[in-house]
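What follows is a set of notes on a single structure, which appears directly below.
Lettering of chains follows the sequences in order, A, B, ..., and the numbering in each one begins at 1.
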Amino acid sequence: VRALSFHPAILSLTSPLTVRAVFVRTWHLVDASGMLLTVTTAPYDGPMAIRVENWLPGAARPGMTARLAGRALTLGALRLDLTGAREWRGEPAQVTPIDRSALERDLGLVAALTSTGALPGLAPRLEALESALRAHDAAAVQSAVRWLIGLGPGLTPAGDDVLCGLMAGLHVFGRRLVVSSTGVRADGVGDKWQAGTELAGDRRAKALGYAASRFPAGRVGWMRDRLGVVVLEEMQGRTTALSRTLLYWAARGVAVQPLLDVLWTLGSGGPVDGLETTAAMGHTSGRDMLAGASLAATLAVGGQGDASVVDSAERLP
Amino acid sequence: MRVSEELGTLPGVERAAAVMATPLNLELLSDDGLLPPGLQATPDDLVVTVRGQGAAAEAALAEIDRLLAPRRMESEAAPSPARTIEEAAARSDGNLAVIAVPGQFAAAEAYAALRSGLHVFLFSDNVSVEDEVELKALAATTDRLMMGPDCGTAIINGVGLGFANRVRRGPVGIVGASGTGIQQVTCLLDAAGIGTAQAIGTGGRDLSAAVGGAMTSQGLQLLADDPEVEIIAVISKPADPESAQDLKQQMDALNRPIVACLLGETYPDSGKVRYARTLTQLVEIVAEQLGRDDFPWRQAETGPDRNRGRNKVVCGLYTGGTLCSEAGQVLREMDVPAELVDLGADEYTRGRAHPIIDPRLRNGMLRDLQGRDEVGSVLLDVILGDLAHPDPAGALLPALDGLSVPVVAVLVGAAGDPQGLERQRAVLEGAGVSVFMSNSDAARSVGALA
């Protein structure tokens with residue numbers, strides 16, 4: 001069987017893998033480190049996932065072992081071939097600046113779809129995290145995260161979904177702020193970048209892409225990196241293998257493609273891509289991720305916080 | 001979450017939870033008294049816990065395997081929704097695609113639909129005129145209807161598309177380069193007891209120089225060939241003179257009873273073709289030709305009694321383009337100064353819903369009128385029917401608060417519309433608005449206030 005696409009990071013998983021769960025359209029396999037590989041018929045890519053077109057009823061059972069070697073996943077009699085499959089890395093085709101008035105309008109659309117009111121206790125915990133991030137209070141961020149990880153029903157508890165949306169959002173908005181002139185000036189790198197705005201066409205796109213990857217994202221960078229470090233530390237032993245895997249990648253700015261589509265197109269002045277697909281994920285997972293994404297947008301362009309905090313040198317474990 | 005919810009509905013169950021055994025979730029279960037003592041679990045274990053009356057709780061727990069079992073049969077039976085027009089066309093017996101997507105993507109979907117052999121109703125606006133010309137040429141070669149872009153209304157075999165009113169079926173075939181124009185005509189016909197066989201929308205630009213009336217011509221021919229159609233009505237916003245001339249020649253050649261209203265132009269009647277200056281006059285001519293002379297809009301409709309100040313302007317805020325053009329024509333003929341805005345035009349609908357659906361833009365503009373002394377009266381349209389706002393009259397009220405000048409509205413709706421024609425009229429009249437069924441009568445009433 002040929003795969004359609006896959007996240008190349010799966011090639012670093014250590015064999016053998018064990019089948020942890022078998023659902024109608026998805027298999028979960030874990031490696032010795034607890035990182036989880038998903039084989040799925042979902043119509044979109046995501047972290048540590050292999051996408052296939054047709055389902056293979058009965059080929060996997062919980063407890064079976066699988067090997068990942070030579071660009072193929074072998075599971076019993078099944079060989080899932082990755083040769084020729086598209087490699088997905090969750091990178092945007094282009095980095096779009098943020099139009100603040102469009103963003104405000106788009107966040108109204110997102111608000112209509114989010115669901116933090118559904119789970120008692122989620123909203124106040126999220127508010128605590130928001131205040132801690134705004135205040136650049138590292139200790140308060142840590143305790144707020146501890147009160148969110150593993151909270152709520154589902155294979156990815158609601159608290160984790162919100163954190164995924166928030167972390168991926170801070171990554172994307174950090175990069176987009178760098179190419180939005182107001183954000184750039186706020187972060188003190190305006191002069192370096194200014195030349196890029198005077199270019200046109202492909203050269204402009206290249207300059208913006210370079211700026212986005214090269215320059216720091218100021219206070220957004222602090223929030224993104226502090227949150228990432230804390231979440232990776234706190235998640236050990238506190239949530240499910242699927243959640244740990246998604247949080248690990250969200251801390252690096254990689255999330256399911258529809259959520260990334262939302263993040264890259266929110267406030268771009270054009271349509272918001274991926275919104276309905278994200279909102280329809282799981283029972284409430286997609287809507288919880290959108291709540292996190294919305295918070296990330298608010299934090300990134302809110303303009304509040306300590307302007308003296310320029311960037312973070314923190315590196316994720 | 002689904003399992004928790006379903007367990008909670010079983011008889012005798014007080015509380016139920018099915019959650020992954022993360023420390024936070026276990027803590028919450030413990031706070032709720034739902035955590036059995038001595039439970040050993042890791043975050044990757046699922047805890048299902050039920051509190052209830054003895055046997056009922058046991059019975060609920062026995063249901064867990066069933067509730068957790070993959071719903072394979074169910075999910076395999078229900079196919080995933082089609083992701084492209086081609087896929088939907090291949091799966092369905094339907095032969096018409098309704099397309100309502102943001103303008104920049106609309107042409108691509110329309111090409112796909114035509115190439116899949118479907119007729120197209122293209123509601124979206126902000127489509128380039130080059131695409132419109134090409135789409136209509138493609139439709140003509142494959143004998144399909146290409147209604148639109150910017151096609152607000154159509155009624156095909158009794159089914160309303162876009163903004164359409166629930167009117168009776170009958171002998172009149174309509175082709176119109178105008179959505180609200182079709183709505184006004186079908187609603188007045190309905191009020192006169194006359195039904196509509198087909199109403200083919202063409203899109204507001206069809207009779208422009210670039211498009212040359214391609215769809216109007218095709219629609220006219222289809223109606224002429226339709227045995228259900230006894231009389232044809234042709235409606236257009238102001239048309240390009242050359243396109244209008246071509247249309248006139250085609251109508252003459254068809255030798256069928258036709259009544260046409262090409263706003264802004266008058267032609268002498270010729271053969272079986274008669275020309276009306278307003279949409280209301282068109283309906284009255286059609287009705288007379290069908291032997292009817294009962295026109296409810298001529299009765300009991302009086303204009304406002306307050307005077308519009310001399311030399312003051314009529315401000316018209318319209319959601320329908322044709323109604324706006326028609327009011328402009330009437331007021332020009334009366335030599336009354338007027339500022340009329342068509343809020344359904346492309347520049348007002350980019351990035352937001354059409355004002356027939358979303359009243360906020362017009363309400364904001366109405367509030368802005370309060371401080372303007374030069375405005376002597378306000379003219380509005382209130383459009384009912386499917387897809388329109390569920391209570392357009394009610395939505396308008398807050399914006400009318402504080403307006404001291406006379407307000408006149410044309411209420412476009414049919415007795416069968418979901419908003420309730422009489423209820424909407426009562427709401428407007430209750431707020432002091434003078435309500436008309438005929439747009440030209442409403443405009444004339446405002447014009448006569450001077």
Side-chain angles (χ1 to χ4, degrees), chain A residues 20-26 28 30 34 36 41-43 55 57-58 99 101-102 105-106 109 115 118-122 125 145-160 234-244 269-273 276-277 280 282-285 288, chain B residues 1-8 15-29 31-32 34 41-49 67-84 87 100-106 124 126 350-353 358 360-361:
Chain A
R20 173 63 67 78
V22 176
F23 302 100
V24 178
R25 294 192 172 88
T26 308
H28 289 167
V30 282
L36 191 136
T41 57
W55 196 230
D99 170 338
S101 61
R105 195 180 59 225
D106 293 347
L109 283 179
S115 64
L119 180 65
L122 182 56
R125 290 166 199 238
V145 163
R146 200 173 292 153
W147 284 104
L148 275 168
I149 287 190
L151 174 72
L155 273 179
T156 55
D160 300 352
E234 291 293 331
M235 73 179 187
Q236 302 306 327
R238 301 188 71 88
T239 192
T240 65
L242 177 59
S243 250
R244 289 196 308 274
V272 182
D273 296 337
E276 285 178 14
T277 314
H283 198 92
T284 62
S285 283
D288 291 326
Chain B
M1 192 171 272
R2 179 177 57 78
V3 174
S4 306
E5 284 168 3
E6 292 189 23
L7 281 174
R15 292 286 304 275
V19 292
M20 301 305 286
T22 66
L24 271 189
N25 283 339
L26 294 179
E27 210 177 302
L28 290 177
L29 289 179
D31 291 348
D32 280 356
L34 278 171
T42 72
D44 280 313
D45 293 321
L46 174 68
V47 184
V48 182
T49 161
L67 293 175
L68 286 174
R71 302 187 164 185
R72 189 177 296 262
M73 297 313 287
E74 226 173 86
S75 52
E76 283 176 358
S80 58
R83 293 194 195 115
T84 62
E87 200 181 336
V101 297
Q104 66 264 46
F105 312 115
S124 313
N126 287 303
R350 206 167 287 132
R352 62 161 72 88
D358 181 351
R360 285 178 295 180
L361 177 67

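- A search for side-chain hydrogen bond (donor to acceptor under 3.5 Å, both in side chains) contacts involving R238(A) returns nothing, not counting sequence neighbours.
- Put simply, the residue from L46(B), T42(B), D44(B) that forms a side chain to side chain contact (heavy atoms under 4.5 Å, CB included) with T240(A) is D44(B).
- In this structure a side-chain-to-backbone donor-acceptor pair under 3.5 Å is present from T22(B) to G150(A).
- Between A18(B) and P153(A) the shortest heavy-atom distance is O-CB, 4.2 Å.
- Q104(B) is listed as a side-chain neighbour of P271(A), based on a closest heavy-atom distance under 4.5 Å.
- At least one donor-acceptor pair closer than 3.5 Å links the side chain of N25(B) to the backbone N or O of G152(A).
- Interface remark: R244(A) contributes side-chain atoms only to the contact with chain B (heavy atom separation under 4.5 Å).
- Summarising the geometry of G237(A) relative to P43(B), their closest heavy-atom pair is O-CG, 3.3 Å, with the distance given to 0.1 Å.
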Could you walk me through whether L151(A) and L28(B) satisfy the side-chain contact (heavy atoms from CB on, under 4.5 Å) test, starting with their C-alpha distance in whole Å, then the side-chain angles of each, then the deciding distance to 0.1 Å, before giving a yes or no? CA-CA 9 Å; L151(A) 174 72; L28(B) 290 177; 3.2 Å; yes
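- In this structure, chain B has a heavy atom under 4.5 Å from the backbone of I149(A), while its side chain stays farther away.
- Partners of R360(B) according to the side chain to side chain contact (heavy atoms under 4.5 Å, CB included) rule, which considers only residues two or more places apart in sequence or in another chain, are D358(B).
- Comparing L26(B), L24(B), D45(B), V19(B) by how many heavy-atom pairs each has under 4.5 Å with chain A, the most go to L24(B).
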